[in-house]
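Following: one structure in structure tokens, then a few remarks.
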Amino acid sequence: MRALTRLAPPLLLTTALVWSTALPAGAAAPPPKVPEAVGWGGAVATVDADATAAGIEVLRKGGNAVDAAVAAAAALGVTEPYSSGIGGGGYFVYYDHATGRVHTIDGRETAGRSADSGLFLEGGKPLAFADAVTSGLSVGVPGTPATWDAALRQWGTRSLAQTLEPAERIADHGFVVDATFRGQTADNQARFKDFPATAELYLPDGKPPEVGTVLRNPDLAATYRLLAKDGVKAFYQGQLAQDLVNTVQHPPVDPASGRNARPGRIDTADLAAYRVRDQAPTHVSHGAYDVYSMAPSSSGGTTVGEALNILEDGGDVSTYSGTQYYHHFLEASRIAFADRNRWVGDPAAVDVPTRQLLSERYAASRACLISPDHALTSPLAPGDPRHPADCADTGQAVAEPYEGPNTTHLTVADRWGNIVSYTLTIEQTGGSGITVPGRGFLLNNELTDFDFTRLAPGVPDPNLPGPGKRPRSSMSPTVVLRDGEPFLATGSPGGATIVTTTLQVLLGRLDRGLSLEQAIAAPRASQRNTAATQAEPAFLALPERAGLEALGHAFGPVAEIGAATGVERLPDGRWVAAAEPVRRGGGAAAVVRPAR
């Protein structure tokens with residue numbers, strides 16, 4: 001695993017300022033990330049070597065998968081702060097081997113009590129997306145600290161203080177900046193520089209930190225120590241909560257920048273009222289496998305599940321030619337997204353037909369739309385899951401809304417057979433761009449996952465803003481069982497492409513005979529009920545492309561899709577940990593013991 005700078009002699013910190021410096025004398029340069037590891041005692045896969053090492057450290061000390069997942073997530077809040085952290089939220093899926101049950105925690109951010117359907121309207125017109133993102137208006141009440149607390153209380157074996165220790169050390173002593181981190185900083189430089197607290201943290205000397213230098217965040221280390229000492233109530237009540245609310249309501253923008261950082265509406269009562277939701281997972285059968293994922297407010301479980309059901313109804317995916325496999329994958333995705341955009345929102349605020357969307361009868365009524373001879377035309381109209389009729393739709397198509405492409409995913413397994421699949425986020429790369437001064441973490445822009453206005457005139461929209469409402473997500477943390485025993489877990493970042501990435505990984509492993517590592521590394525395409533399918537260069541180079549275009553598929557190039565991780569249990573009891581070999585700079589996989 002990557003050699004951490006925490007192994008070097010610590011530097012004396014005399015202020016709360018953060019700076020970038022050369023690798024301390026005597027510290028080893030970090031070795032390359034490892035995308036696959038196989039062994040005993042448990043496994044961890046994340047996008048970052050420091051975070052994976054934090055999870056492995058906890059497993060080696062006797063912690064379970066839940067303890068290690070929280071430790072890895074806290075470390076990602078330091079080393080991958082533009083995608084995760086305590087200023088955001090996420091969805092936590094846990095398989096308990098002792099009971100054979102799958103549990104989930106909805107730790108999604110929420111709008112304030114004063115939010116209404118016009119949250120992002122000015123003069124009756126929707127704000128430009130970029131203006132909405134970099135503002136207090138976009139910030140939802142964070143759910144990540146409450147998620148960690150709930151998971152540890154219900155299923156963990158270590159205290160929050162113990163699980164935060166590795167992340168505290170990394171924040172104090174620093175991590176080595178890589179090309180991905182520098183590139184993401186450079187992409188956000190124009191807005192980061194307008195917020196002094198963000199610029200001080202991530203733009204040392206007014207520019208992105210150089211690759212190979214060390215970035216420290218003592219403010220975040222102090223915040224973690226506060227949570228370790230006083231628990232998560234320190235985040236949702238007291239001075240930290242007041243600091244967060246002041247930042248949202250009065251974004252600390254440099255007056256000379258000229259940026260209009262609109263104030264947000266959440267207050268201390270909104271923070272104090274926040275609660276995670278323990279809820280049943282989604283569940284579909286796929287061949288010999290049981291696939292569990294996240295129910296609404298995320299659309300991940302319903303959309304992946306519906307697509308799997310459609311493919312199951314249409315035949316045996318493993319027997320298709322390459323062209324027909326990709327054709328059916330893209331068509332099932334197209335249909336499932338047509339239904340997602342019409343029907344899925346926060347079930348506490350709108351009536352979501354979760355059970356019906358995942359029924360075999362509904363899948364059959366939608367699968368008959370797929371022809372092996374030609375592609376469907378988008379935008380495709382949704383069906384009616386409550387009144388399924390073969391090959392029918394409900395009339396007007398609903399366009400795909402925009403979702404930020406970032407987020408992070410981690411997967412963990414322990415020696416007892418427990419598994420965690422956890423996707424967490426602050427939404428855009430860099431979230432709102434606003435750092436809470438003196439606290440060391442960025443705030444999310446999660447409320448921009450709401451639709452700013454109705455997607456189609458006259459058609460009910462389940463994802464408009466509302467008081468205390470959770471915006472719809474695409475996060476799809478997934479656990480797969482075979483014969484009641486753990487088989488694999490996976491998930492990915494990527495906004496709406498999370499759904500298609502998770503689906504493609506599952507199909508590659510469960511139906512196409514790929515190893516988990518191969519399924520994660522395979523070329524990707526993402527069809528989300530749009531005229532053109534997004535596709536990576538490697539997908540566009542496939543020999544099947546010509547056949548797909550002959551069927552009527554159109555493609556638009558995109559640099560990369562997703563950054564998945566996964567774990568798999570082998571028949572002999574070993575674990576495979578797998579991560580991306582290239583995407584987002586490559587991931588980091590590790591096991592507790594490569595050999596017995």
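Hydrogens, waters and symmetry mates play no part in the numbers below; they use all other heavy atoms, side chains included. Computed from a predicted structure; not experimentally measured.
N444 and E427 share no side-chain donor-acceptor pair at under 3.5 Å. If you check the side chains of H103 and D278, you find no donor sitting under 3.5 Å from an acceptor. In summary, the side chains of Q534 and R524 do not present any donor paired with an acceptor at a separation below 3.5 Å, with no hydrogens or angles considered. With 3.5 Å as the limit, one finds no donor-acceptor pair spanning the side chains of S333 and Q527.
The backbone N or O of P81 lies less than 3.5 Å from no partner atom in the side chain of S84, so there is not a single donor-acceptor pair. Checking side-chain atoms of T435 against main-chain N and O of P437 turns up no donor-acceptor pair under 3.5 Å. At distances below 3.5 Å, at least one donor-acceptor pair connects side-chain atoms of D414 with backbone N or O atoms of A65. A donor-acceptor pair is defined here as one N or O able to donate and one able to accept, closer than 3.5 Å; no such pair exists between the side chain of T411 and the backbone of T490. Using a distance-only test at 3.5 Å, with no hydrogens or angles considered, a donor-acceptor pair links the side chain of D67 to the main chain of T157. At least one donor-acceptor pair closer than 3.5 Å links the side chain of N217 to the backbone N or O of G440. Panel note: side chain K33, backbone A579; no donor-acceptor pair is recorded below 3.5 Å. Without hydrogens or angle criteria, Q154 side chain to A150 main chain gives a donor-acceptor distance under 3.5 Å. R225 places no side-chain N or O within donor-acceptor distance of the main-chain N or O of K229, the cut-off being under 3.5 Å. At least one donor-acceptor pair under 3.5 Å links the side chain of S421 to the backbone N or O of T478.
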Under the side chain to side chain donor-acceptor pair (under 3.5 Å) rule, what do T429 and Q184 come out as? Steps first, then yes or no, please. CA-CA 7 Å; T429 307; Q184 291 178 341; 5.1 Å; no
Intermediate values then yes/no, side chain to side chain contact (heavy atoms under 4.5 Å, CB included), L203 and T185: CA-CA 8 Å; L203 296 173; T185 308; 3.8 Å; yes
Report the C-alpha separation of E568 and R574 in whole Å, then their side-chain angles, then the decisive distance to 0.1 Å, and conclude whether the salt bridge (Lys or Arg N to Asp or Glu O under 4.0 Å) test is met. CA-CA 8 Å; E568 180 178 335; R574 290 180 299 163; over 6 Å; no
Test salt bridge (Lys or Arg N to Asp or Glu O under 4.0 Å) on R340 and E306 and set out the steps. CA-CA 9 Å; R340 176 200 99 127; E306 182 184 347; over 6 Å; no
Evaluate the ring pair (Phe, Tyr, Trp, His ring centres under 6.0 Å) criterion for residues Y422 and Y91: first the C-alpha distance (whole Å), next the side-chain angles of each, then the deciding distance (0.1 Å), finally the verdict. CA-CA 6 Å; Y422 182 23; Y91 297 94; 9.3 Å; no
Run the side chain to side chain contact (heavy atoms under 4.5 Å, CB included) test on W575 and V38 for me, step by step, so that the C-alpha distance in whole Å, both residues' side-chain angles and the decisive distance to 0.1 Å come before the verdict. CA-CA 6 Å; W575 287 104; V38 182; over 6 Å; no
Please evaluate residues D178 and R182 with respect to the criterion salt bridge (Lys or Arg N to Asp or Glu O under 4.0 Å), reporting the C-alpha separation (whole Å), side-chain torsions for both, the decisive distance (0.1 Å), and the verdict. CA-CA 6 Å; D178 61 15; R182 176 176 167 77; over 6 Å; no
Apply salt bridge (Lys or Arg N to Asp or Glu O under 4.0 Å) to E446 and R470, showing your working. CA-CA 9 Å; E446 213 62 61; R470 284 161 155 83; over 6 Å; no
Would V102 and V93 count as a side chain to side chain contact (heavy atoms under 4.5 Å, CB included) here? Give the steps. CA-CA 7 Å; V102 176; V93 177; 3.7 Å; yes
Side chain to side chain contact (heavy atoms under 4.5 Å, CB included) for L481 and F487? Distances and angles first, verdict last. CA-CA 5 Å; L481 307 183; F487 181 66; 5.9 Å; no
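Residue R101 places its CZ atom among 12 or fewer non-hydrogen atoms of other residues, nucleotides or ligands, all under 6.0 Å distant. With a 6.0 Å radius and a threshold of 12 heavy atoms from other residues, nucleotides or ligands, R593 has its CZ atom above the threshold.
Looking at L76 and L410, their side chains come closer than 4.5 Å, going by heavy atoms from C-beta outward. In this structure, S293 and V304 have side chains that are not in contact, with every pair of non-hydrogen atoms separated by 4.5 Å or more. By the 4.5 Å heavy-atom criterion applied to side chains, V66 and F92 are counted as neighbours. Here the side chains of P142 and L244 are in contact, with some heavy-atom distance below 4.5 Å. You'll find the side chain of R472 stays beyond 4.5 Å of the side chain of S298, heavy atoms only. Between R277 and I105, the closest side-chain pair of non-hydrogen atoms is not below 4.5 Å. Taking the side chain as every heavy atom from C-beta outward, M294 and T282 never approach each other to under 4.5 Å. Two residues are said to be in side-chain contact when any heavy atoms from C-beta on lie closer than 4.5 Å; F175 and V214 fail this criterion.
Here OH of Y224 is found 7.0 Å from CG of L164. Values are rounded to the nearest 0.5 Å. To the nearest 0.5 Å, the span separating CH2 on W148 from CG on L424 amounts to 7.5 Å. The structure places CD of E536 at 5.0 Å from CD1 of I561, a figure rounded to the nearest 0.5 Å. Note that the OG atom of S473 and the CG atom of D346 stand 11.5 Å from one another [nearest 0.5 Å]. L160 contributes atom CG, which lies 10.5 Å from atom CD of E165 (distance to the nearest 0.5 angstrom). A distance of 11.5 Å separates CD in E580 from NE2 in H409, rounded to the nearest 0.5 Å.
Closest approach of Q504 and P523 over heavy atoms only: NE2-O, 2.8 Å. When all heavy atoms of T497 and S526 are compared, the closest pair comes out as CG2-OG, 3.6 Å. Across all non-hydrogen atoms, the minimal contact from A413 to L59 is O-CD1, 3.6 Å. Heavy-atom minimum distance, V412 versus A68: CG1-CB, 3.8 Å. Nearest approach of R584 to T407, heavy atoms of both residues: NH1-O, 2.8 Å. Pairing each heavy atom of T565 with each of V47, the nearest pair is CG2-N, 4.4 Å.
A salt bridge does not link D106 with R108: none of the charged nitrogens is closer than 4.0 Å to a carboxylate oxygen.
Aromatic rings of Y202 and Y82 (six-membered ring for Trp) have centroids within the 6.0 Å cut-off, being under it.
Ring geometry, F441 versus F235: the interplanar angle falls from 30° to 60°, so the pair is classed tilted. In this pair, Y236 and Y274 present their aromatic rings parallel. The plane angle is below 30°, not in the 30 to 60° band.
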